[in-house]
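Working notes for the structure below.
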Amino acid sequence: MVHPINKQSLSSGKTTHNRALSLIFHKMAECYRYMGTEERFRATAYENVSRVLANMKEDISEHAGSVEELDEIGGIGESIAEKIIEYLQTGKIKTFEELKKKLPFDLLELMDISGFGPSTLRTLHEKLGINNRDDLVKALQENKLNKLKGFGERKLTNMKRALKMEKSNNRMPLQLAEEEGARLLRLIKSIKAVEKIALAGSLRRKKETVGDIDMVLVAVPRNRKRIVEEIIRVIQPQKILARGTTKLSMIVGDRETQVDIRLVHDYEFGSAMLYFTGSKEHNIRLRTIAKERGMKINEYGIFDVKTGERLAGETEEEMYELLGLNYVSPEKRIDAESVETKD
DNA sequence: GGGCTGTACTG
DNA sequence: CAGTAC
DNA sequence: GCCC
DNA sequence: CAGTG
DNA sequence: CACTG
C-alpha cells in the first residue's frame, strides 16, 4: 500500500544526525586538504561521504546497527562507518577532535571562499602566523602580505574582494535566478555569431536555491573571441573572474551573481549540457557506468576508451541511450539513484 | 595494490 | 609553473 | 579515505 | 617589456 | 606569479 505522505515531510526532522555528520565530514575534508597533496584523496573520500549524508532521505541512524550495515552504503567504508557509530554513541569523533587541536582550525573555514585553497592558507599560517579570518583582514590592512612570494598586487586585490563578498554569500531563490537567467539569455542571444545558448547547472535542474548561473553557448572557434568581448559589452559585469576562448566567468548585477559561460561546438552541445547541468553526484554515476562499459565521458562527448573514438555527444538523449540508460530529466538529476538502466 | 576526470584559466 | 575552480 |  | 610555464 | 631574455 502506498501511503500518501510525500518524502519531504517524511524526512524533515528525522535527519538531524545527517546534517551534523555531513558538516563534520566536510570539516575533516578541509583538514586533510590543508595537510597537503598526499592527503587529497582522503579529503575527497570525506567530502563524498559528507555529500552522501546531505542527500540522504532517511536518518543515518536507521542504518547504523553495525559497521557492516553502514559499509553497504556507497562511499562509506569501514573507517568512516566506525566514526559514524562513534558519533551516534558519544556525540563526537576523536579523530576530528585531534585534527582540530593540531591544525589552525578557524583558518580552514576560509577554504569555503573562492580563491583560498590549501596552499594559500598554509603560506598565510606558516609565514605570518595567521590563524583566522580576523588575523587575515588585519594583515591585509597593514600590508603584511606584500613581501610574500606569490602574493602580488592582483592576488591581494582578489583576496580582499573575495573576503568582502563572502559575508553576503547569496544563493538566490529559484524564481529570482530564473528571471536573471532569462534576462542574460535575451542579451546574449542578441549577439549575431551566437548560434545557440541555453541554461545549465542547478538553474536548469530547478533546484530550490541557485548559487550561480551556468550557460552553454554554441559558436565556432573563430567567432569566440569576439563573442566573449560582445558578451562583456552587453552585460557589463561588475567583475571578470576568468576569460578565455572556451570559458567566461563573471560577477553580474547588484546581487553579485556569478555567471559561468562555456563555449562549445554544436556537436558538443549535448555533452556540454549534460556535464554542466550536473548534479555532481549524477555525473559521477554516469561516469562510472560509462567506465564499466569501456567508455569515457567528459564535456566533449562519450569516447571509446580503447580506440579513443568519439561515440556521442550531440544530444543528451543519445548519450543516455548509448549508456543503456533511461533518459533522466534535468529536475531529477539529483543523486546516483536517479539513474536507472533500461530493461 | 593502485586509481580516484580532465580541463581551462590565473598570476 | 603551481594553484585553483569547475 | 573508498572501491575495485 | 613580452613571452613562457 | 616568477622567471627569462
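All chains are named by letter (A, B, ...) in the order of the sequence lines, taking the proteins before the strands, and each is independently numbered beginning at 1.
- Rounded to an integer number of Å, the gap from CZ of A/Arg287 to C1' of B/dG3 is 12 Å.
- For C/dC6, the OP1/OP2 oxygens have a side-chain nitrogen or oxygen of A/Gln258 closer than 4.0 Å.
- For the pair A/Tyr300 and B/dA8, the criterion of a side-chain N or O lying under 4.0 Å from OP1 or OP2 is met.
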Give me, pair by pair, the N or O atoms of the protein and of nucleotides 1-4 of chain D that are less than 3.5 Å apart, along with how far apart they are.
unit_1	atom_1	unit_2	atom_2	d
D/dG1	OP1	A/Tyr32	OH	3.2
D/dG1	OP1	A/Tyr46	OH	3.3
D/dG1	OP2	A/Arg42	NH1	2.6
D/dG1	O5'	A/Tyr46	OH	3.3
D/dG1	N3	A/Phe41	O	3.4
D/dC2	OP1	A/Gly77	N	2.8
D/dC2	OP1	A/Gly77	O	3.2
D/dC2	OP1	A/Glu78	N	3.4
D/dC2	OP1	A/Ile80	N	3.2
D/dC3	OP1	A/Gly75	N	2.8

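- Put simply, CZ on A/Phe303 is 12 Å from P on B/dG6, counting in whole angstrom units.
- Checked by atom type, the side-chain pair A/Glu72/A/His63 shows no donor-acceptor distance below 3.5 Å.
- A/Phe269 and A/Leu263 sit in two unconnected hydrophobic clusters of ILVMFWY residues. Membership requires side-chain heavy atoms under 4.5 Å apart, directly or through other members.
- Counting to the nearest Å, the P atom of B/dT7 and the CG atom of A/Leu248 are 21 Å from each other.
- For the ring-ring contact (aromatic ring centres under 6.0 Å, His included) test with A/Phe25, the passing option among A/Tyr87, A/Tyr46, A/Tyr32 is A/Tyr46; the others fail.
- In this structure, NZ of A/Lys247 is placed 15 Å from P of C/dT4, rounded to the nearest angstrom.
- In this structure, the nucleotide among B/dG11, F/dC3, C/dT4 sitting nearest to the side chain of A/Pro118 is C/dT4.
- Contact annotation: A/Thr120 side-chain N/O to C/dT4 OP1/OP2 distance is under 4.0 Å.
- A donor and an acceptor atom, one from each side chain of A/Arg204 and A/Thr277, are located under 3.5 Å apart.
- Between the CG atom of A/Asp214 and the C1' atom of B/dA8 there is a distance of 15 Å, given to the nearest Å.
- Checking F/dA2, B/dG11, B/dC9 against every side-chain atom of A/Arg154, the shortest atom distance belongs to B/dG11.
- Using a cut-off of 4.0 Å between Lys/Arg side-chain N and Asp/Glu carboxylate O, A/Arg183 and A/Glu180 are scored as salt-bridged.
- Here B/dG11 is the nucleotide among C/dC6, B/dG11, B/dG6 with the atom lying nearest to any side-chain atom of A/Asn158.
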Side-chain polar contacts of residues 122-131 of chain A - donor-acceptor pairs under 3.5 angstrom, sequence neighbours left out - could you list them?
unit_1	atom_1	unit_2	atom_2	d
A/Arg122	NH1	A/Tyr34	O	2.7
A/Thr123	OG1	A/Ser119	O	3.0
A/His125	ND1	A/Ile130	O	3.2
A/His125	ND1	A/Asn131	OD1	3.0

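- Taking every side-chain heavy atom of A/Tyr275 into account, B/dG6 is the closest of B/dT10, C/dT4, B/dG6.
- The side chain of A/Asp260 approaches C/dC6 more closely than any other nucleotide in the set B/dT10, C/dC6, C/dT4.
- Within the structure, a side-chain polar atom (N or O) of A/Thr246 is placed less than 4.0 Å from OP1 or OP2 of B/dC9.
- Using a 4.5 Å cut-off on side-chain heavy atoms (C-beta onward), A/Lys206 and A/Glu178 make contact.
- Rounded to whole Å, the distance from CG on A/Leu145 to P on B/dG11 is 16 Å.
- In this entry the distance linking CD1 of A/Ile240 with P of B/dG11 reads 11 Å, nearest Å.
- Rounded to whole Å, atom C1' of B/dG11 lies 14 Å from atom NZ of A/Lys149.
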